[in-house]
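Below is one structure, written out as structure tokens, with a few remarks after it.
By convention in this document, chain letters (A, B, ...) are assigned in the order of the sequence lines, proteins followed by strands, and residues within each chain are numbered from 1. Side-chain atoms are counted along with the backbone in the values below, which use heavy atoms only and exclude waters and symmetry mates.
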There are 2 protein chains.
Amino acid sequence: MPQPSAPRKTLGRPPRISREEIIATARRIVDEGGVGRLTMRRLAAEVGSTPMALYHHVRDKEELLVLLLDDYAARTLRRPRLPDHPRERIVVAATAIHEALAACPWIVEVLTADDLLSTSALWFVEQIVDGLVGCGLPLDRAVHGYRAIWYYTAGEIVVRTTAARRRADDDRATYREQVFADLDPSELPRLTQAADRWAPLTAEDTYRDGLQALVDGLLARR
Amino acid sequence: MPQPSAPRKTLGRPPRISREEIIATARRIVDEGGVGRLTMRRLAAEVGSTPMALYHHVRDKEELLVLLLDDYAARTLRRPRLPDHPRERIVVAATAIHEALAACPWIVEVLTADDLLSTSALWFVEQIVDGLVGCGLPLDRAVHGYRAIWYYTAGEIVVRTTAARRRADDDRATYREQVFADLDPSELPRLTQAADRWAPLTAEDTYRDGLQALVDGLLARR
DNA sequence: ACCTGAACACCGTTCAAGT
DNA sequence: ACCTGAACACCGTTCAAGT
């Protein structure tokens, strides 16, 4: 897909807008108002063109979003200094991906990639797989381990950002409180016990704890 | 939200359509053609009414989707026989939720609930939290543990169903192959090594393995 | 109380034509 | 080769009116 515009051989009408300009403008719109604001029509207006001109540079909206994600990853994923110990390397690499995603809430709508989100993220995947191998897992198990870490990471992001969106609208929060207040203690004793602590517990950031537990578990399995 | 229509005190025009009818019809549309097919206008047409009549029974489309999810959960979540051992209970309860979600691909779009997807799922949450407590975790840690399991489960569903959607459109698959074929072996040695096995490894269902690793890790942490 | 019709303010995408 | 205009086939939701 990132088909770098080759040197123009055959000449025709000179282009007025470029893929880069489209992506940069799309990025601005999304940063300012969320993905919901990004429509082909608005984008066209902002680059000073017509909706149909965009389709000359981008297959469809779906492709535009993937391009936007690649662009974001390429610009913001900075490779951290990694610790020597392989287990720590896994945690640091996964946390770096997690932080990049968490800083970018619109990503969820595009987080439709199945395992690699962007070629810029491959280095991080390499570190995680290599860390797992370094801890003694065979390559196949290491790849599966990476996937488990990715599920956990993607899940945390999706659940957290959608929960945050819900919080803006406080009807739902009230509804949740209601549910927890009306629990039947004989059927759901633990939830009843935790009911008044549920909200603060849920607000805590426990990504790292869960990640470490998962990594421990992956490494400990027979 | 599930505000059971109270016995009508004040009489006016008798209702022609009910919330139940709306939900049942919405369910049919979604089952037949996916969530993408569910629009207020189409739904109105199928219940033999006008778009605006729906807004008398449902606040907006968002509420309709939550209602649909509740309905689905209430109809399909069957409580399994649980093993006595608490660790096994956790695994069985989580797997049951996972299976229900996996059988229902449209869920992802609605999987916007932050931790409980529906009141019908509370019993499963109870079992997981109680299982973690039964294994010796304090209640707070058990709640966090449940959340980690939920992240992992939701992530697996989101990643898997979107990957499946992508597969229909095989351009992306080709793109992924391309990326793996062009890896720089000196920079990304492990990915290069795993490249030709990546697709089959990724196709394997490893939910249960990852879940067990996660549970082990949660229980082992100091 | 419940429903209707018409309208508002949008979408993504295709097609045929222009430069 | 690149861009435009007009059109197609839709959306969710509001408002004012009817029964």
Value in whole Å for how far the P atom of dG12(D) lies from CE of Met40(B): 7 Å

Neighbour count >12 (heavy atoms, 6.0 Å) for atom CZ, Arg16(B): no

Could you tell me which nucleotide pairs with dT19(D) by Watson-Crick or G-U wobble geometry, both distances under 3.5 Å, or answer none if nothing does? dA1(C)

Specify whether Tyr152(A) and Tyr207(A) have parallel, tilted or perpendicular ring planes, treating 30° as the upper limit for parallel and 60° as the lower limit for perpendicular. parallel

Considering every strand shown, what is the Watson-Crick or G-U wobble mate of dC8(D) when both distances are under 3.5 Å? dG12(C)

Side chains of Tyr72(A) and Arg27(A), heavy atoms from C-beta outward: is any pair under 4.5 Å? no

Round to the nearest Å and state the distance from Ile22(B) atom CD1 to dC2(C) atom P. 11 Å

For Met52(A) and Arg37(A), take the nucleotide of DNA chain C holding the closest heavy atom to each; which residue's nucleotide lies nearer the 5' end? Arg37(A)

Taking 4.0 Å as the cut-off, does a side-chain nitrogen or oxygen of His56(B) come that near to OP1 or OP2 on dT4(C)? no

Given the P atoms of dA9(C) and dA9(D), what is the spacing between them in whole Å? 24 Å

Kindly say if Thr39(B) contacts the phosphate of dC10(D), meaning a side-chain N or O under 4.0 Å from OP1 or OP2. no

Would you mind reading off the distance between Lys61(A) atom NZ and dC10(D) atom P, rounded to a whole angstrom? 18 Å

May I have the distance from Glu21(A) (atom CD) to dC3(D) (atom C1'), rounded to whole angstrom? 14 Å

Hey, does the side chain of Arg41(A) come within less than 4.0 Å of dA9(C)'s phosphate (OP1/OP2), counting only N and O? no

Count the heavy atoms of every other residue, nucleotide or ligand shown that sit under 6.0 Å from CZ of Arg37(B), and state whether that count exceeds 12. no

Under the 3.5 angstrom rule, does the side chain of Glu126(A) hit a backbone N or O of Arg190(B) as a donor-acceptor pair? yes

Protein-nucleotide distance (Arg59(A), atom CZ; dG12(C), atom C1'), rounded to Å: 14 Å

Report the distance from atom CG of Asp60(A) to atom P of dT14(C), rounded to the nearest whole Å. 8 Å

Starting from P on dC2(C), measure out to CG on Leu54(B) and report it in whole angstrom. 14 Å

Touch check for Arg16(B), heavy atoms < 4.0 angstrom, all strands: base, sugar-phosphate only, or nothing? sugar-phosphate

Among the candidates dT13(C), dT13(D), dT4(D), find the nucleotide nearest to the side-chain atoms of Tyr55(B). dT13(D)

OP1 or OP2 of dA1(D) sitting under 4.0 Å from any side-chain N/O of His57(A)? no

Nearest whole Å is fine: how far is dT13(D) P from Leu43(B) CG? 12 Å

